[in-house]
Trainee: 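Attaching a single structure in structure tokens format; questions to follow.
These numbers come from a predicted model, not from an experiment.
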Amino acid sequence: MNHRLLRIFNKANKLCRNGRSQLYSLLFFGSFKYIYRGRHVRIYGYKSLSIGKGCHIMDNSEIRGKVNIGNNVFIHENVLIRSMECSISIGNNTTVNRNTNILAQVTIGSNVSIVPNVVIIGANHVFSDPNKTIKSQGSTSKGIIIEDDVWIATNTSILDGVTIGKGSVIAAGAVVNKDVPPYSVVAGVPAKVVKQRNG
């Protein structure tokens with residue numbers, strides 16, 4: 001196949017994808033340009049789901065359960081957002097990058113940047129009884145709060161019960177198991193404050 005034919009094929013493929021996305025947007029949200037939905041996107045629980053205008057949900061992502069997504073949120077490829085018994089809220093203009101998992105009770109503010117391979121789990125297994133399997137002991141959920149204008153770098157894990165203050169930066173590879181004060185930069189395992197962003 002020569003380059004010209006390949007360009008024509010790619011344009012036709014893009015038009016088909018955009019047409020499918022616009023039809024989906026019209027059927028479920030009443031407007032052709034309400035959201036952009038990529039290929040193989042799975043969305044479950046429309047009765048308990050709210051998605052704002054101008055959102056992009058890219059290929060192979062899944063949204064399930066009680067989820068509230070604000071306006072102009074960009075969800076990249078292979079993202080899992082799942083909250084079955086709790087709820088997840090994502091504020092306006094937030095970006096969730098590839099291969100990120102957001103599970104259980106999580107509140108994310110506006111203008112938050114979440115880079116690839118981040119794990120945010122607002123729940124924890126109970127394992128206090130050694131005579132029972134961990135699986136059979138259930139779980140608890142305190143929830144996670146990520147305030148506005150936070151940057152979470154790649155390969156970060158954020159554990160249940162944590163609040164990350166406004167304007168904070170979480171360095172790559174950090175494991176956050178304690179609250180982060182506003183405008184802090186944290187790094188390490190477990191994450192510790194390495195500096196403040198106060199000029």
Trainee: Suppose we screen for salt bridge (charged side-chain N to carboxylate O under 4.0 Å, His left out). Which residues come up paired with Arg82, at least two apart in sequence or across chains?
Mentor: none
Trainee: Would you say the side chain of Asn60 lies within less than 4.5 Å of the side chain of Val41, judging by non-hydrogen atoms?
Mentor: no
Trainee: Is a salt bridge present between Glu147 and Lys166, judged by a nitrogen-to-oxygen distance below 4.0 Å?
Mentor: no
Trainee: Restricting to non-hydrogen atoms, name the atom on Ile144 and the atom on Gly161 that form the minimum distance, rounded to 0.1 Å.
Mentor: CG1-N, 4.2 Å
Trainee: Give a yes or no on whether Val194 and Ile170 share a hydrophobic cluster (residues Ile, Leu, Val, Met, Phe, Trp, Tyr; joining criterion: side-chain heavy atoms under 4.5 Å apart).
Mentor: no
Trainee: Indicate yes or no for a side-chain donor-acceptor contact from Asp59 to the backbone of Gly38 under 3.5 Å, with no hydrogens or angles considered.
Mentor: no
Trainee: Between Asn92 and Asn71, is there a donor-acceptor pair closer than 3.5 Å when you use the side chain of the first and the backbone of the second?
Mentor: yes
Trainee: Can you see which heavy atom on Ile158 is nearest to which on Ile164, and at what distance?
Mentor: CD1-CD1, 3.6 Å
Trainee: Same hydrophobic cluster for Val73 and Val67, using side-chain heavy-atom links shorter than 4.5 Å among ILVMFWY?
Mentor: yes
Trainee: Could you please spell out the steps behind the side-chain contact (heavy atoms from CB on, under 4.5 Å) verdict for Ile146 and Ile120?
Mentor: CA-CA 10 Å; Ile146 300 168; Ile120 303 169; 3.9 Å; yes
Trainee: Could you pull out the closest heavy-atom pair between Lys178 and Val176, with the gap in Å?
Mentor: O-CG1, 3.5 Å
Trainee: With a 3.5 Å distance limit and no angle check, can you tell me whether Asn93 reaches the backbone of Ser110 through a side-chain donor-acceptor pair?
Mentor: no
Trainee: Checking the side chain of Arg64 only, and the main-chain atoms of Glu62 only, is there a donor and an acceptor separated by less than 3.5 Å?
Mentor: no
Trainee: Of all the heavy-atom pairs spanning Ala191 and Ala174, show the shortest one and how long it is.
Mentor: CB-CB, 4.1 Å
Trainee: Strictly distance-based, threshold 3.5 Å: is any side-chain N or O of Ser61 a donor or acceptor partner for the main-chain N or O of His76?
Mentor: yes
Trainee: About how many Å separate OG1 of Thr140 and CG of Asn124, when rounded to the nearest 0.5 Å?
Mentor: 5.5 Å
Trainee: If two hydrophobic side chains count as joined below 4.5 Å and joins carry through other members, does Val96 share a cluster with Val169?
Mentor: no
Trainee: Go through the structure and list residues passing side-chain contact (heavy atoms from CB on, under 4.5 Å) with Ile134, not counting sequence neighbours.
Mentor: His125, Phe127
Trainee: Please report the C-alpha distance between Ile102 and Ile88 in whole Å, then the side-chain angles of each, then the deciding distance to 0.1 Å, and finally whether the side-chain contact (heavy atoms from CB on, under 4.5 Å) criterion is met.
Mentor: CA-CA 8 Å; Ile102 302 171; Ile88 292 173; 4.0 Å; yes
Trainee: As an exercise, state the distance from CD1 of Ile63 to CG of Leu80, rounded to the nearest 0.5 Å.
Mentor: 9.5 Å
Trainee: So which atom in Ala104 and which in Ala123 form the shortest heavy-atom distance, rounded to 0.1 Å?
Mentor: CB-CB, 3.6 Å
Trainee: Could you give me the CA-CA distance, side-chain angles and deciding distance for Leu49 and Asn68, then say whether side-chain contact (heavy atoms from CB on, under 4.5 Å) is met?
Mentor: CA-CA 6 Å; Leu49 175 71; Asn68 179 21; over 6 Å; no
Trainee: Applying salt bridge (charged side-chain N to carboxylate O under 4.0 Å, His left out), name anything that partners Glu77, two or more places apart in sequence or on another chain.
Mentor: Arg98
Trainee: Are Val150 and Ile108 side-chain neighbours, meaning at least one heavy-atom pair lies under 4.5 Å?
Mentor: no
Trainee: If hydrophobic clusters are built by linking Ile, Leu, Val, Met, Phe, Trp and Tyr wherever their side-chain heavy atoms come under 4.5 Å apart, do Leu159 and Ile152 end up in the same one?
Mentor: no
Trainee: Report the distance from atom CG of Asn111 to atom CG of Asp148, rounding to the nearest 0.5 Å.
Mentor: 6.5 Å
Trainee: Checking Arg197 against Tyr183: charged group under 6.0 Å from the ring centre and within 45 degrees of the axis?
Mentor: no
Trainee: Do Trp151 and Val115 have side chains that get closer than 4.5 Å, going by heavy atoms?
Mentor: yes
Trainee: Any sub-3.5 Å donor-acceptor pair from Thr156's side-chain atoms to Val118's backbone N or O?
Mentor: no
Trainee: Using side-chain heavy atoms (C-beta onward) and a distance below 4.5 Å, is Ile51 in contact with Ile57?
Mentor: yes
Trainee: Taking only residues two or more places apart in sequence or in another chain, which ones pass side-chain contact (heavy atoms from CB on, under 4.5 Å) with Pro181?
Mentor: Ser184, Val193
Trainee: State the CZ-CD1 distance between Arg37 and Ile75, to the nearest 0.5 angstrom.
Mentor: 12.5 Å
Trainee: Would you say Ile121 ends up clustered with Val175 if hydrophobic residues are merged whenever their side chains have heavy atoms under 4.5 Å apart, either directly or through other cluster members?
Mentor: no
Trainee: What's the verdict on side-chain contact (heavy atoms from CB on, under 4.5 Å) for Val106 and Ser83, showing C-alpha distance, side-chain angles and the deciding distance?
Mentor: CA-CA 9 Å; Val106 178; Ser83 179; over 6 Å; no
Trainee: Do you know which two heavy atoms are closest between Ala187 and Ala171, and how far apart they sit?
Mentor: CB-CB, 3.6 Å
Trainee: Is there a donor-acceptor contact under 3.5 Å from the side chain of Thr94 to the main chain of Gly109?
Mentor: yes
Trainee: Return each pair, listed once, that meets salt bridge (Lys or Arg N to Asp or Glu O under 4.0 Å) where at least one residue sits in residues 104-124; pairs must be two or more places apart or across chains.
Mentor: none
Trainee: How far does SG of Cys86 sit from CG of Leu103, to the nearest 0.5 angstrom?
Mentor: 10.5 Å
Trainee: Please check: side-chain N/O of Gln105 versus main-chain N/O of Ser87, any donor-acceptor pairing under 3.5 Å?
Mentor: yes
Trainee: Can you name the residues that form a salt bridge (charged side-chain N to carboxylate O under 4.0 Å, His left out) with Glu85, not counting sequence neighbours?
Mentor: none
Trainee: Is there a donor-acceptor contact under 3.5 Å from the side chain of Thr100 to the main chain of Val79?
Mentor: no
